> 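Have a look at this one.
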Amino acid sequence: MRIAAWNVNSLRARLPRVEAWLAAVCPEVVCLQETKLNDGDFPSGLLESMGYRVAHHGQGRWNGVAVCSRVGLEDVTAGFDDGQPPDPDARLVWATCGGVRVASVYVPNGRALDADHYQYKLAWLRRLRGCLEERHDPSEKLVLAGDFNVAPSDMDVWDIDAFAGLTHVSEPERIAWRDLCEWGLEDVFRLAYPGIAGLYTFWDYQGGRFHKRQGMRIDHILATATLAREVEGIIVDRNARKGPKPSDHAPVVADFRL
DNA sequence: ATGGTAGGTGGCCTA
């Protein structure tokens with residue numbers, strides 16, 4: 001089973017690229033982030049014509065996440081399912097696909113270390129961990145895939161000195177990310193490429209960052225141990241960052257023996 | 001020379 005995560009930075013703007021990419025790569029499950037669409041504007045017809053069923057948790061303008069699956073789609077849940085007041089942003093949607101519980105995850109950016117949004121980000125990560133504790137067990141086949149907006153270690157950014165005082169690399173964010181993983185999730189990409197620097201999923205549009213290889217690894221596929229040991233391979237499809245009108249993120253694609 | 005890119009919306013905000 002091939003599972004992919006891709007922050008498309010507007011599905012409307014990216015639709016031709018997304019369609020061509022799905023036709024070429026044929027993932028069984030793709031988790032999209034930043035669709036920037038209301039549910040009614042989601043291109044369901046196109047995805048369905050390609051064999052996918054879709055769970056979209058949308059919000060015009062910003063955010064918006066989807067799980068698209070051609071191996072079944074059951075038990076859809078939008079947002080945190082913890083009985084607390086709903087998240088004002090559409091950043092999380094769950095579905096069961098071919099026996100795997102899958103979440104498309106779009107963690108808040110954080111903006112700046114002194115911003116309210118940074119506290120929202122830390123609380124959001126803690127709340128996600130809480131949902132796992134309440135509703136799930138680490139022995140399940142479960143995947144969190146998406147844009148976590150955290151570079152877990154210094155080797156996951158092109159120059160740690162360039163990020164001094166910025167979000168995505170701060171210790172509280174990294175601790176919150178590690179706490180999430182310590183519930184029982186593996187960073188499947190890092191498992192496959194231990195200790196290898198220079199492998200990124202996001203490159204800022206500004207300053208020719210992609211061509212200078214100045215990126216960050218902030219999009220992740222996290223899997224429970226039962227799934228992580230079934231990984232055949234995982235890549236970042238950098239080709240999707242090339243050419244006309246790319247997203248600033250490249251897809252992460254993992255193959256599982258399922 | 002304090003810029004630059006791209007997405008949304010609507011005359012700025014977000015990433």
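What you are looking at is a predicted structure, and each value in this text was computed from that prediction instead of being measured. In what follows, chains are A, B, ... by sequence order, proteins preceding strands, each numbered from 1.
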> Going by distance alone, is a donor N or O of one side chain under 3.5 Å from an acceptor N or O of the other, for A:Thr96 and A:Arg101?
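Judged by distance alone, the side chains do pair up.
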> Sequence neighbours left out, what pairs pass side-chain hydrogen bond (donor to acceptor under 3.5 Å, both in side chains) with at least one residue falling in residues 27-42 of chain A?
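Found A:Asn7-A:Glu34, A:Asn9-A:Lys36, A:Glu28-A:Arg70, A:Gln33-A:Ser104, A:Glu34-A:Tyr106, A:Thr35-A:His56, A:Asp39-A:His56.
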> Would you mind classifying the nucleic acid contact of A:Arg209 as base, sugar-phosphate or nothing, using non-hydrogen atoms under 4.0 angstrom?
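Touches nothing.
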> A:Tyr106 near the nucleic acid: base, sugar-phosphate alone, or nothing, with a heavy-atom cut-off under 4.0 Å?
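Sugar-phosphate, no base atom in range.
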> Could you tell me how far B:dT14 sits from B:dG10 if I compare only their P atoms? Round to whole Å.
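Pairwise P distance, B:dG10 against B:dT14, rounds to 14 Å.
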> Check whether the side chains of A:Trp62 and A:Asp89 place a donor and an acceptor atom closer than 3.5 Å, and report yes or no.
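No - no donor-acceptor pair under 3.5 Å links their side chains.
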> Would you name the heavy atoms of A:Asn63 and A:Ala90 that are closest together and state the gap between them?
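Minimum heavy-atom contact is CB-O, 3.2 Å.
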> Going by number, which of residues 37-47 of chain A have a non-hydrogen atom under 4.0 Å from DNA chain B?
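When residues 37-47 of chain A is checked for heavy atoms under 4.0 Å from DNA chain B, there are no hits whatsoever.
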> Applying salt bridge (charged side-chain N to carboxylate O under 4.0 Å, His left out), name anything that partners A:Asp237, two or more places apart in sequence or on another chain.
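A:Asp237: no salt bridge (charged side-chain N to carboxylate O under 4.0 Å, His left out) contacts found.
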> Given the P atoms of B:dT9 and B:dT5, what is the spacing between them in whole Å?
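Their P atoms lie roughly 22 Å apart.
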> Listed by chain and number, what are the ring-ring contact (aromatic ring centres under 6.0 Å, His included) partners of A:Tyr205, not counting sequence neighbours?
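Scan of A:Tyr205 (ring-ring contact (aromatic ring centres under 6.0 Å, His included), adjacent residues dropped) gives none.
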> Scan residues 216-231 of chain A for pairs that pass salt bridge (charged side-chain N to carboxylate O under 4.0 Å, His left out), counting only residues two or more places apart or in two chains.
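Listed once each, the pairs are A:Asp156-A:Arg217, A:Asp187-A:Arg217, A:Glu230-A:Arg257.
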> Taking heavy atoms of chain A and a 4.0 Å limit, find me the 5'-most and 3'-most nucleotide of DNA chain B within that range.
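So the outermost contacting nucleotides come out as B:dG4 to B:dA15.
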> Are side-chain N/O atoms of A:Ser170 and A:Tyr118 paired as donor and acceptor at under 3.5 Å?
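Checked: A:Ser170/A:Tyr118 side chains pair up, N/O donor to acceptor below 3.5 Å.
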> If each of A:Asp204 and A:Pro108 is mapped to the nucleotide of DNA chain B with the nearest heavy atom, which maps nearer the 5' terminus, i.e. the 5' end?
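Of the two residues, A:Asp204 wins.
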> Could you measure between the two P atoms, the one in B:dC12 and the one in B:dA1, and give it in whole Å?
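Looking at atom P only, B:dC12 and B:dA1 are 28 Å apart.
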> Need to verify one output field. Residue with the more 5' nearest nucleotide on DNA chain B, A:Gly60 or A:Tyr205?
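The 5'-side residue here is A:Tyr205.
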